[in-house]
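Note sheet for the following structure.
Everything quoted here is computed from the prediction, not taken from an experiment. Each chain gets a letter, A, B and so on, in the order the sequences are listed, and its residues count up from 1.
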Amino acid sequence: DTGVSQDPRHKITKRGQNVTFRCDPISEHNRLYWYRQTLGQGPEFLTYFQNEAQLEKSRLLSDRFSAERPKGSFSTLEIQRTEQGDSAMYLCASSSRTGPYGYTFGSGTRLTVV
Amino acid sequence: GDSVTQMEGPVTLSEEAFLTINCTYTATGYPSLFWYVQYPGEGLQLLLKATKADDKGSNKGFEATYRKETTSFHLEKGSVQVSDSAVYFCAPLGSQGNLIFGKGTKLSVKP
């Protein structure tokens, strides 16, 4: 088990372009979470999946953001028409069930919008 | 809604000093509580957790006790080391099933 993998590690894009990030969770984990972290702040919840179902979405997730987990395994997070305010670290985490088990986080994808 | 308030940093201590990082939360019921740590250049790692009132979570010399009366989960360590320099995040499990993170407290330990 190699933990939670995120790709790419870094992404620089021009304002207005679309970007897509990928997350591969720990294989036996059925829950997958996306968070966003800006410099000096804690991670902010964006959305999460149980298997392929998207169960919760934060109001931070504007209509330019979309996430999928088509087969209940890997997930993608797409940002359309990127803005400079989207520059952040995007974190993915997975867990095996609800309750007191905590999450395993990936190393994140750092997005810079220029 | 669910929220967490964490002691502002940065905190600078000398090696072997005592550490306390305060954390209080607002949540429905009695959520599970977590501390995560982020070492420089690394991802978030689970440090310790507590699942019910009066539980004490511990790991790597760090401890935190779930106090439902004060809705607190303060992190403590009796003798910090330079290698403990990191950012520490308190995180209750929210009613929607997701962790809610504080802003983080940066700890710097000087030799």
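Atom CZ of A:Arg15 sits in a sparse spot, with 12 or fewer heavy atoms from other residues, nucleotides or ligands closer than 6.0 Å. Within a 6.0 Å sphere centred on OH of B:Tyr39, other residues, nucleotides and ligands contribute more than 12 heavy atoms. For B:Glu8, the CD atom is loosely surrounded, since the number of other residues' heavy atoms within 6.0 Å does not exceed 12.
Cluster membership for A:Phe45 and B:Val4, using ILVMFWY side-chain heavy atoms within less than 4.5 angstrom, is not shared. Note: the hydrophobic cluster containing B:Leu107 does not contain B:Phe101 (ILVMFWY, side chain heavy atoms under 4.5 Å, direct or indirect links). Neither A:Leu61 nor B:Ile100 shares a network with the other; the hydrophobic side chains, linked directly or stepwise wherever heavy atoms of I, L, V, M, F, W or Y lie under 4.5 Å apart, form separate groups for each. Under the 4.5 Å side-chain contact rule for hydrophobic residues, B:Leu47 and B:Tyr36 do not share a cluster.
By number of non-hydrogen pairs under 4.5 angstrom with chain A, the leading residue of B:Lys103, B:Lys52, B:Glu42 is B:Lys103.
Of the atoms belonging to A:Gln37, it is side-chain heavy atoms, and not backbone ones, that fall under 4.5 Å from chain B. Contact annotation for B:Gln6: neither backbone nor side-chain heavy atoms come within less than 4.5 Å of a heavy atom of chain A. Contacts between A:Gln41 and chain B at a heavy-atom distance below 4.5 Å involve backbone atoms as well as side-chain atoms. Residue A:Leu55: no heavy atom, backbone or side chain, is found under 4.5 Å from chain B.
At a threshold of 4.5 Å between non-hydrogen side-chain atoms, the residues A:Pro43 and B:Phe89 count as touching.
Although no hydrogens or angles enter the test, the distance criterion places no donor-acceptor pair under 3.5 Å between the side chain of A:Tyr33 and the main chain of B:Leu99. Between the side chain of A:Tyr103 and the backbone N or O of B:Leu44, no donor-acceptor pair lies under 3.5 Å.
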*Could you go through the side chain to side chain contact (heavy atoms under 4.5 Å, CB included) check for A:Trp34 and B:Asn98 one step at a time?*
CA-CA 10 Å; A:Trp34 285 100; B:Asn98 55 286; over 6 Å; no
